[in-house]
Amino acid sequence: MNPPEAQLRKILELERRKGYADTAVVGGLDRYLKNLIQRDNLGPRSPIMESIMALPTHGYASLSRDQRQSWLLRTIQLLDGAVQRPVTAPTVQKARASTAAKPKRQPVPVAAPDSPSALERPVTALRGVSTALAAKLARLEVTTIQDMLFFFPRRYNDFASIRPIAELIVGEEQTVIGTVWSANETSMGRRLRGTEALIGDETGVMRVVWFNQPYVAQQLRTNERVVLAGKVTLYKGQKTLDNPEYEPLESEELLHTGRLVPVYHTTSGLAGRTVRRLAKQALDNYAGALPELLPQDLLSRNRMLSRPAALRQMHFPDSWDDLKEARRRLAFDELLLIQVGVLQRKREWQERGRAQPLRLPEEMRRGYVESLPFALTGAQQRAMSQTLADVARERPMSRLLQGDVGSGKTVVAAAALLAATASGAQGAMMAPTEILAEQHFHTLCRVFSCSERTVSIATVRPSYLSKPLTIALLTGSMAASVKRKLREQIAAGEVDIVVGTHAVIQEGVDFRRLGLAVVDEQHRFGVMQRAALREKGRNPHVLVMTATPIPRTLTLTVYGDLDVSVIDEMPPGRKPVETRWVPPDGRDDAYEFVRGQVQQGYQAFVICPLIEESETLATRAVTQEFERLSSEVFPEARLGLLHGRLAAPKKESVMRYFRDRLLDILVSTIVVEVGVDIPNATVMMVEGAERFGLAQLHQLRGRVGRSDVQSYCLLLSDSPAPDARERLRIVEQTQDGFALAEADLRLRGPGEFFGTRQSGLPDLKVARLSDVPLIELARTEAARLLEADADLSRPEHAQLREEVSSLWERVTAEAH
Ligand code: ADP
Ligand code: MG
């Protein structure tokens with residue numbers, strides 16, 4: 001296609017998109033065609049002439065809409081038929097029902113991607129990619145063709161609206177088609193050089209400036225037709241384009257202008273235009289090689305785009321709606337791979353081995369419940385029934401017990417441990433830190449009303465049990481001889497319940513008959529870690545407890561291999577923690593309040609602002625705050641300091657001092673050990689509260705209010721933006737951890753709960769973990785797929801099987 005033909009084709013496409021209103025060019029199509037004939041001296045056999053001859057005397061303007069449509073489509077076909085190479089429209093658009101006769105625009109691959117393995121080729125297989133360019137792309141983690149296809153834009157510029165110069169609207173992103181009148185390199189102040197150009201069309205002339213890009217002057221030739229896109233500004237009262245995207249009108253297809261233009265992350269020395277061109281090239285030549293992941297019936301049932309179509313729309317969307325569809329499809333793929341993996345894993349360990357059924361005879365259960373100094377809440381009873389029913393089966397239990405801090409999860413876990421011992425099996429209870437393990441040991445001793453005990457071992461004779469119950473505490477810092485002795489007893493089956501840290505139990509203990517593992521406070525314990533735990537034990541039942549309220553979407557993904565019990569009811573009589581936002585000028589009053597509580601014999605936490613970027617900065621900040629508070633604010637009190645840089649034993653001993661009331665105030669970063677019970681602490685003071693997530697604030701607040709004394713949470717925030725103030729108001733007003741978690745997920749995304757890496761989840765490029773309907777859809781479809789074809793052995797599931805396994809291999813490798 002020669003330049004006039006290419007230009008006409010673009011205009012015709014535009015005209016079609018605008019609904020055949022004769023508005024594609026200023027002055028009308030007839031005038032344009034007339035100029036074209038005069039200017040370009042077309043031969044009689046040219047497709048353009050042939051088309052023009054087909055028009056009536058009064059031209060295009062005199063045709064009806066339908067006549068215009070058929071003339072225009074025929075002309076496009078003529079133009080396309082006149083060339084060998086593929087031609088694409090300036091702006092790709094979705095065919096409306098009335099324009100179904102859309103010409104085919106399948107690009108012809110340069111290097112025939114006969115097999116999917118073409119996708120594994122290095123980016124240097126793309127035209128124009130030198131090793132130097134490949135090195136830059138590698139910095140963006142793009143090394144293969146496939147990487148390029150899945151290197152998605154971070155946003156899009158809406159340059160879809162094309163306007164004549166006279167009609168440009170200041171402040172909007174638009175596209176202009178014009179002729180270069182002049183283009184010169186200019187100096188723009190000290191050491192700053194750029195390009196200044198004048199661009200004209202039938203309606204006017206405008207100034208266009210590229211700061212810092214003197215080379216653009218060489219790329220624009222006088223009299224050349226160009227397309228420019230950018231935001232229109234006013235300069236000295238004149239409309240101006242600053243640093244617009246530009247491309248010659250002759251280019252095959254508009255990439256940088258005249259459409260929704262993708263904007264990619266780049267790196268130094270790599271122009272956005274280059275990435276865009278490479279993405280286009282990869283799409284045209286290789287997208288078709290990408291095998292479909294999903295069976296056809298699933299696609300049509302859910303009205304989903306094919307994968308190549310979704311990729312195309314993701315990079316070069318025809319409209320915002322098309323982009324949405326593309327996102328939906330690609331996000332669904334990501335979520336489905338997770339769901340299939342998670343469900344397969346669940347089924348695998350459920351089928352791999354039988355677990356020992358653990359039964360708690362009814363009279364023992366009643367005896368246990370009646371021995372407790374309080375009545376169980378309805379939620380506790382429910383969770384206990386679900387758990388006991390699960391462990392009584394041969395299918396190994398995998399249950400998540402969720403409940404806010406203080407909701408009473410331990411008594412539920414204890415019932416399951418009791419079931420284990422009643423069935424002649426052993427139970428393990430694991431905590432992330434030694435101090436929490438100690439705490440669990442004490443709690444279990446209390447729950448089972450034990451009297452005879454040493455530091456590490458307790459023997460209990462609850463009236464409802466026929467034989468005594470032995471509970472051991474095993475932590476890393478115990479004397480080696482004690483540990484060795486305990487291990488022997490555990491291996492010999494002389495110990496019924498072992499409480500300890502994850503590390504100690506997972507790495508050093510040989511159980512005689514491990515029937516149940518209780519894993520506490522494990523929001524850092526992902527799918528992979530759970531799988532590892534199963535690998536070790538001979539398929540014990542597993543109960544995971546967490547005090548972090550987890551939104552349902554996350555339980556479906558990160559905890560997707562688990563069944564869930566929720567304790568959503570607090571024991572009666574507990575006083576809600578009074579929560580207040582403290583304005584900047586209220587700081588002194590807040591300190592005074594803390595002093596008052598300390599004088600009454602209570603304790604307080606002071607949490608320093610969240611500094612995520614650097615542990616060093618966080619340490620320095622908390623240390624300075626500690627010194628300031630010790631010397632200037634609370635010289636009379638005993639202060640302790642806690643941060644992530646302290647060695648684990650040091651951390652634990654600071655927590656112990658605080659627990660044992662040797663300290664009044666604990667100044668800390670967010671590391672404050674989750675779950676540690678300090679009933680005597682009544683104040684939680686959070687500095688820079690606006691930087692924390694709602695769920696985090698709720699967790700911090702849960703450190704206090706653990707007795708019947710009124711407790712307080714003071715949220716200090718020096719410069720809260722209105723929306724930050726709003727978020728803090730939500731924390732002030734609601735005590736419901738789940739509501740806060742859902743709000744958090746909406747407001748700040750899932751990073752709040754776990755980095756995906758820690759969670760044993762793959763990085764998600766497109767999907768959002770807050771998208772409940774799509775996650776549920778993926779869950780349903782995954783279950784359906786596996787029900788029909790459990791190991792995905794059917795040919796139409798081959799691709800899916802391969803991608804699921806390679807995804808999980810990657811995740812496994814990262815989790816180790
Ligand atoms: P968490 O869910 O945070 O682990 P715990 O199991 O440690 O909570 O229980 C917190 C406290 O509440 C414990 O001292 C426990 O004995 C007490 N508790 C548990 N259930 C009830 C109940 N139904 N009524 C009153 N107190 C309860
Ligand atoms: Mg607890």
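All ligand and atom numbering here is 1-based and tracks the order in the structure. Just so it is clear, the values below take in all heavy atoms, side chains as well, and ignore hydrogens, waters and symmetry mates.
Of the polar atoms of Gly408, at least one N or O is found under 3.5 Å from an N or O of ligand 1, judged by distance alone. Between Lys409 and ligand 1, at least one N/O pair is under 3.5 Å apart.
Of the heavy atoms in Ile567, none comes closer than 4.0 Å to ligand 1.
If you number the atoms of ligand 1 from 1 as listed, the ones under 4.0 Å from a heavy atom of Gln380 come out as 19 (C), 20 (N), 21 (C), 22 (C), 23 (N). Against a heavy-atom cut-off of under 4.0 Å, Thr377 is close to the following atoms of ligand 1: 23 (N). Using a 4.0 Å cut-off to heavy atoms of Asp404, the atoms of ligand 1 that qualify are 2 (O). Residue contact check: Thr410 has heavy atoms under 4.0 Å from atoms 4 (O), 5 (P), 6 (O), 7 (O) of ligand 1. Within ligand 1, the atoms closer than 4.0 Å to a non-hydrogen atom of Arg706 are 3 (O), numbered from 1 in the order shown.
Qualifying side-chain hydrogen bond (donor to acceptor under 3.5 Å, both in side chains) partners for Gln735, counting only residues two or more places apart in sequence or in other chains: none.
Closest approach of Gly515 and Leu358 over heavy atoms only: O-CD1, 3.6 Å.
Using a non-hydrogen distance threshold of 4.0 Å, Gly403 does not register as a contact of ligand 1.
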- Task: Before giving the answer on salt bridge (charged side-chain N to carboxylate O under 4.0 Å, His left out), spell out for Glu732 and Arg729 the whole-Å C-alpha distance, their side-chain angles and the decisive distance to 0.1 Å.
- Result: CA-CA 5 Å; Glu732 278 182 305; Arg729 207 188 305 273; 5.2 Å; no
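In this structure the side chain of Met478 reaches within 4.5 angstrom of the side chain of Ser456, judged on heavy atoms. Proximity of Gln402 to Phe738: side-chain heavy atoms (C-beta onward) are separated by under 4.5 Å at one or more points.
Of the listed residues (Ala375, Gly406, Pro373), the one carrying the non-hydrogen atom nearest atom 3 (O) of ligand 1 is Gly406.
Using a 4.0 Å cut-off between charged nitrogen and carboxylate oxygen, Arg580 and Glu578 count as a salt-bridge pair.
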Hey, can you pull the donor-acceptor pairs under 3.5 Å for the side chains in residues 412-419, sequence neighbours left out?
none

